[in-house]
Amino acid sequence: VCAFFQEPDLLLLDDPTNHLDFPSVLWLENRLRAYSGSFMLVTHDRNLLENVCNAVMLIEDQQLITYKMDFPAFEKKKAMQDKK
């Protein structure tokens, strides 16, 4: 929470919704959507990914691949790529 008020250029967030109640998760989602800087998010919270991400970075086969799309679109594209 303190990081938002310091206004860094990049926020690094590791499972930020762990141990948060529902109102706190909503607060976090709203702050991330309105955040003018960049953030990198590592989480298992699919709802958070779907609600705040507009790009996905995937590490696969020792390569970093960037998908400039929201999480649901990434999942569809990745599923199609994996079928090939």
Side-chain angles (χ1 to χ4, degrees):
V1 172
C2 294
F4 284 110
F5 300 107
Q6 295 174 358
E7 299 180 5
D9 294 328
L10 176 64
L11 281 173
L12 300 175
L13 303 167
D14 182 10
D15 274 328
T17 57
N18 276 0
H19 312 294
L20 294 183
D21 60 6
F22 185 67
S24 298
V25 171
L26 293 178
W27 178 89
L28 177 64
E29 286 182 6
N30 289 329
R31 290 297 297 217
L32 288 173
R33 274 193 229 107
Y35 189 63
S36 62
S38 298
F39 62 89
M40 186 173 290
L41 176 66
V42 177
T43 186
H44 296 95
D45 185 338
R46 295 183 59 81
N47 288 327
L48 183 65
L49 290 169
E50 291 174 358
N51 291 334
V52 303
C53 292
N54 59 17
V56 176
M57 297 173 75
L58 174 69
I59 300 172
E60 185 175 63
D61 298 327
Q62 299 180 353
Q63 292 184 332
L64 179 65
I65 306 163
T66 302
Y67 296 84
K68 294 183 180 182
M69 58 190 66
D70 63 17
F71 190 71
F74 158 75
E75 285 189 306
K76 289 177 187 173
K77 182 169 186 142
K78 183 71 173 108
M80 290 179 65
Q81 289 175 342
D82 288 346
K83 285 183 181 179
K84 293 180 180 179

**OP:** Assess whether atom CG of Asp9 is packed by more than 12 heavy atoms of other residues, nucleotides or ligands within 6.0 Å.
**Re:**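 Atom CG in Asp9 is not packed in, count stays at 12 or less.
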Original post:
Has Leu64 got more than 12 heavy atoms of other residues, nucleotides or ligands less than 6.0 Å from its CG?
Top reply: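 Yes, because the 6.0 Å sphere around CG of Leu64 holds more than 12 heavy atoms from other groups.
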Looking at side-chain heavy atoms only, is the closest gap between [X] and [Y] below 4.5 Å?
X	Y	answer
Tyr35	Pro8	yes
Asp70	Cys53	no
Met57	Ile65	no
Leu12	Phe39	no

**OP:** Go through Lys78 and Glu75 one step at a time and tell me if the side chain to side chain contact (heavy atoms under 4.5 Å, CB included) criterion holds.
**Re:** CA-CA 5 Å; Lys78 183 71 173 108; Glu75 285 189 306; 5.8 Å; no
**OP:** Carefully, step by step, assess Thr17 and Leu48 under the rule side chain to side chain contact (heavy atoms under 4.5 Å, CB included).
**Re:** CA-CA 8 Å; Thr17 57; Leu48 183 65; 3.7 Å; yes
**OP:** Could you pull out the closest heavy-atom pair between Pro16 and Val42, with the gap in Å?
**Re:**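 Closest approach of Pro16 to Val42, heavy atoms only: CD-O, 4.0 Å.
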Subject >> Among Leu13, Leu41, Asp45, side-chain contact (heavy atoms from CB on, under 4.5 Å) partner for Val52 >> reply: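 Among Leu13, Leu41, Asp45, the one that satisfies the side-chain contact (heavy atoms from CB on, under 4.5 Å) with Val52 is Leu41.
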Original post:
Is Met40 reachable from Leu32 through a run of hydrophobic residues whose side-chain heavy atoms are each under 4.5 Å from the next?
Top reply: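 No, Leu32 does not connect to Met40 through the hydrophobic network.
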Subject >> Phe74 CZ to Gln81 CD distance, which is reported to the nearest 0.5 Å >> reply: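 One finds 8.0 Å between CZ of Phe74 and CD of Gln81.
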**OP:** Check the pair His44 / Asp15 against side chain to side chain contact (heavy atoms under 4.5 Å, CB included), numbers first and verdict last.
**Re:** CA-CA 7 Å; His44 296 95; Asp15 274 328; 3.6 Å; yes
**OP:** Would you mind telling me which of Arg46, Arg33, Glu29 makes a side-chain hydrogen bond (donor to acceptor under 3.5 Å, both in side chains) with Asn51?
**Re:**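 Option passing the side-chain hydrogen bond (donor to acceptor under 3.5 Å, both in side chains) with Asn51: Glu29.
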